[in-house]
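Counting convention: from 1, in listed order, for ligands and their atoms alike.
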Amino acid sequence: MSSIRNIVILTGAGISAESGLKTFRAEDGLWENHPVEQVATPEGFARDPDLVQRFYDERRANVLAAQPNAAHESLGRLEAEFDGEVLLVTQNIDDLHERGGARNTLHMHGEVLSAWCRACDVRHKWEGTLRDGPDCPACGKASMRPDIVWFGEMPYQMDRIFAAIAQADLFVSIGTSGAVYPAAGFVQEANRAGARTLELNLERSAGSHFFDETRLGPASELVPEWVEELLADSPT
Ligand code: BJW
């Protein structure tokens, strides 16, 4: 029987690619027509808020139209059936993990279906547009921005994430290029904590050499196979 009790899973844009949501750094990726410094920095937002709001309005509409794929659903199943702790840390701003059944999920780079009022610091569930400058339902001021962590800003829930990695027996990274910190450094934290480390990705990433094992292929195939394997080895 497996001795794995605590699992931390990190996901990136690759897990949602087969749901039709673009990744960032692919040739036809999200930043192909929208340079990162224009749409993913606080300075870009200050310079041209309309451009940034339009970019995220379109992303929000795409997320609402997308459906979870077999990879999201199998992680939901893992959380429900595994006899131990599973923490899902996602860099993704979509809600496909939740719609795939996951409950214990941290969105370290924020959520596109949330709007953050910079005037009163309250967050609101948001499915509509922001480019038209809606009033905040709490304070009435028109100061809402997407609830997204841009470059130079502090990712969410870092204390909880580092604490979970310190307790992990297994760290699994799925569909992320390992290009953005602090998430790119989690595998080294997990190695220091003595966890086994596994990467599932379409191709080798910047940090592949840090993992004990890398499996290459589409997430919709690799993730269900790995979940099946793990649950077969850890009967409840
Ligand atoms: C498939 C697949 C399929 C495709 N199946 N796989 C040096 C050291 C440390 C830090 C820094 C440094 N220099 C600068 C920094 C800071 C900076 C940073 O990392 N810069 C880098 C450019 C180096 N980081 C920050 O500013 C962060 N804040 C910060 O560091 O605060 C200080 C701090 C330090 C330590 C602790 C705590 C705090 C904030 C980063 C915010 C990132 N925000 C973005 C945009 C907003 C969200 C959005 O618009 O959606 O988040 S950037 C963008 O990249 C987005 C993503 O979440 C993130 C990661 O991208 P991801 O998911 O990996 O996507 P891709 O496209 O890169 O890769 C896709 C992968 O999928 C590929 O590998 C494919 O092979 C694979 N794939 N199809 C399986 N079907």
Side-chain angles (χ1 to χ4, degrees), residues 9-45 51-60 62-63 66 68-72 74-75 89-97 106-114 116 130 145-163 165 172-189 198-208 211 214-226:
I9 300 168
L10 172 70
T11 64
I15 198 167
S16 297
E18 292 164 84
S19 293
L21 300 178
K22 285 186 172 188
T23 64
F24 295 89
R25 294 170 179 84
E27 264 180 28
D28 62 343
L30 280 164
W31 288 339
E32 177 74 5
N33 297 317
H34 299 92
V36 49
E37 59 280 2
Q38 281 180 13
V39 295
T41 62
E43 295 78 15
F45 184 56
L51 174 89
V52 177
Q53 297 285 24
R54 281 175 193 276
F55 177 69
Y56 285 100
D57 281 355
E58 192 182 328
R59 304 265 309 274
R60 196 175 298 110
N62 291 341
V63 164
N69 64 51
H72 300 103
S74 58
L75 293 183
V89 178
T90 186
Q91 298 168 87
N92 298 343
I93 62 175
D94 64 57
D95 66 343
L96 297 182
H97 282 307
L106 299 184
H107 284 267
M108 64 179 288
H109 291 165
E111 296 177 67
V112 78
L113 299 179
S114 171
W116 174 23
L130 288 175
R145 63 165 264 189
D147 189 6
I148 302 290
V149 178
W150 289 318
F151 282 108
E153 297 183 324
M154 182 64 84
Y156 296 152
Q157 310 255 23
M158 292 310 303
D159 290 349
R160 256 187 89 186
I161 295 169
F162 281 122
I165 293 174
V172 185
S173 169
I174 304 171
T176 175
S177 61
V180 175
Y181 286 85
F186 290 171
V187 59
Q188 288 160 283
E189 287 294 321
L198 169 67
E199 175 181 46
L200 307 178
N201 202 322
L202 200 54
E203 50 193 42
R204 286 180 70 80
S205 71
S208 284
F211 289 86
T214 292
R215 299 182 188 179
L216 300 181
S220 67
E221 292 176 16
L222 291 186
V223 180
E225 279 166 19
W226 166 69

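- Atom 77 (N) of ligand 1 has its closest protein heavy atom at Gly14 CA, 3.5 Å.
- Considering both main-chain and side-chain atoms, Phe24 comes within under 3.5 Å of ligand 1 through a nitrogen or oxygen pair.
- By the 3.5 Å distance cut-off applied to N or O atoms, Ala40 is not counted among the residues near ligand 1.
- Looking only at heavy atoms of the protein, atom 40 (C) of ligand 1 is closest to Val180 CG1, 3.8 Å.
- Here the side chain of Lys22 pairs a donor or acceptor atom with the backbone of Asp28 at under 3.5 angstrom.
- Within the 4.0 Å cut-off (strictly below), a protein heavy atom is located near atom 21 (C) of ligand 1.
- The two residues Pro68 and His72 have their closest heavy-atom pair at CA-ND1, 3.7 Å.
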* Asked: Would Ser205 and Ser177 count as a side-chain hydrogen bond (donor to acceptor under 3.5 Å, both in side chains) if you check the C-alpha gap in whole Å, the side-chain angles of each, and the deciding distance to 0.1 Å?
  -> CA-CA 5 Å; Ser205 71; Ser177 61; over 6 Å; no
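- Assignment of Pro218 to the shell around ligand 1 is supported, since a heavy atom sits closer than 4.0 Å.
- Close approach of ligand 1 to Glu153 (heavy-atom distance below 4.0 Å) involves ligand atoms 27 (C), 28 (N), 29 (C), 31 (O), 39 (C).
- Between Glu199 and Thr176 the shortest heavy-atom distance is OE2-O, 4.4 Å.
- Atom 60 (O) of ligand 1 has as its closest protein heavy atom Arg25 NH1, 3.0 Å.
- Distances between N or O atoms of Gly178 and those of ligand 1 include no value under 3.5 Å.
- In plain terms, the two heavy atoms of Leu130 and Arg145 that are nearest each other are CD1-C, 3.9 Å.
- Polar contact check, Tyr181 against ligand 1: a nitrogen or oxygen pair lies under 3.5 Å apart.
- Taking atom 51 (O) of ligand 1 as the reference point, the nearest protein heavy-atom neighbour is His109 ND1, 3.2 Å.
- In terms of heavy-atom proximity, Ala70 sits nearest to Ser220 at CB-O, 3.8 Å.
- An N or O contact shorter than 3.5 Å links Asn201 to ligand 1 by distance.
- Using the six-membered ring where Trp is involved, His34 and Phe55 have ring planes that are tilted, between 30° and 60° apart.
- The residue among Phe151, Tyr156, Phe162 with a heavy atom at the shortest distance from atom 18 (C) of ligand 1 is Phe151.
- For atom 80 (N) of ligand 1, the nearest protein heavy atom (residue, atom name, distance) is Glu18 OE2, 3.0 Å.
- In summary, the side chains of Tyr156 and Asp147 do present a donor paired with an acceptor at a separation below 3.5 Å, with no hydrogens or angles considered.
- The aromatic rings of Trp150 and Phe45 lie tilted to each other, with the angle between the two planes from 30° to 60°.
- Annotation: Ala13 places an N or O atom under 3.5 Å from an N or O atom of ligand 1; distance criterion only.
- Looking from atom 5 (N) of ligand 1 to the surrounding protein, the closest heavy atom is Ala219 N, 2.9 Å.
- Residues Leu21 and Asn92 form no side-chain contact, since every pair of their non-hydrogen atoms from C-beta on lies 4.5 Å or further apart.
- Only the side chain of Ala17 comes within 4.0 Å of ligand 1, judged by heavy-atom distances.
- Across all non-hydrogen atoms, the minimal contact from Pro218 to Leu202 is N-CD1, 3.7 Å.
- Formation of a donor-acceptor pair under 3.5 Å by the Arg60 side chain with backbone atoms of Leu113 is not found in this model.
- What sits closest to atom 63 (O) of ligand 1 on the protein, heavy atoms only, is Thr176 OG1, 2.7 Å.
- Near Trp150, with a cut-off below 4.0 Å to any heavy atom, the atoms of ligand 1 are 39 (C), 41 (C).
- Put simply, the side chain of Ser208 never gets that close to the backbone of Arg204: no donor and acceptor are under 3.5 Å apart.
- Within a 4.0 Å radius of atom 13 (N) of ligand 1, the protein contributes no non-hydrogen atoms.
- Using a 4.0 Å cut-off to heavy atoms of Val149, the atoms of ligand 1 that qualify are 41 (C), 42 (C), 43 (N), 46 (C).
- Between the side chains of His107 and Ser114, not a single donor N or O lies within less than 3.5 Å of an accepting N or O.
- When all heavy atoms are compared, the tightest approach of Ala219 to Glu18 is N-OE2, 3.3 Å.
- Counting non-hydrogen atoms of other residues, nucleotides and ligands closer than 6.0 Å to CD of Glu32 gives a total above 12.
- Residue Ser177 places at least one N or O, backbone or side chain, under 3.5 Å from an N or O of ligand 1.
- Near Ile93, meaning under 4.0 Å from one of its heavy atoms, ligand 1 places the atoms 47 (C), 48 (C), 50 (O).
- Within the 4.0 Å heavy-atom criterion, the part of Arg59 lying near ligand 1 is the side chain and not the backbone.
- For the pair Ala26 and ligand 1, the shortest N or O to N or O distance does not fall below 3.5 Å.
- Under the 4.0 Å distance rule, the nearest protein heavy atom to atom 34 (C) of ligand 1 falls outside the cut-off.
- No side-chain donor-acceptor contact under 3.5 Å links Asn201 to the backbone of Leu216.
- Listed by number with element, the atoms of ligand 1 under 4.0 Å from a non-hydrogen atom of Gly175 are 6 (N), 69 (C), 70 (C), 71 (O).
- For ligand 1, the atoms sitting less than 4.0 Å from at least one non-hydrogen atom of Pro182 are 30 (O), 35 (C), 36 (C), 37 (C), numbered in the order shown with element in parentheses.
- Remark: side-chain polar atoms of Ser16 are not paired, donor with acceptor, to backbone N or O of Ser19 under 3.5 angstrom.
- Under a 4.0 Å criterion applied to the non-hydrogen atoms of Gly12, ligand 1 contributes the atoms 62 (O).
- Only the side chain of Pro155 comes within contact range of ligand 1, with a heavy atom under 4.0 Å; no backbone atom does.
- Numbered from 1 in the order shown, with element, the atoms of ligand 1 that lie under 4.0 Å from a heavy atom of Gly152 read 25 (C), 26 (O).
- Protein heavy atom at the shortest distance from atom 59 (C) of ligand 1 is Gln91 OE1, 3.3 Å.
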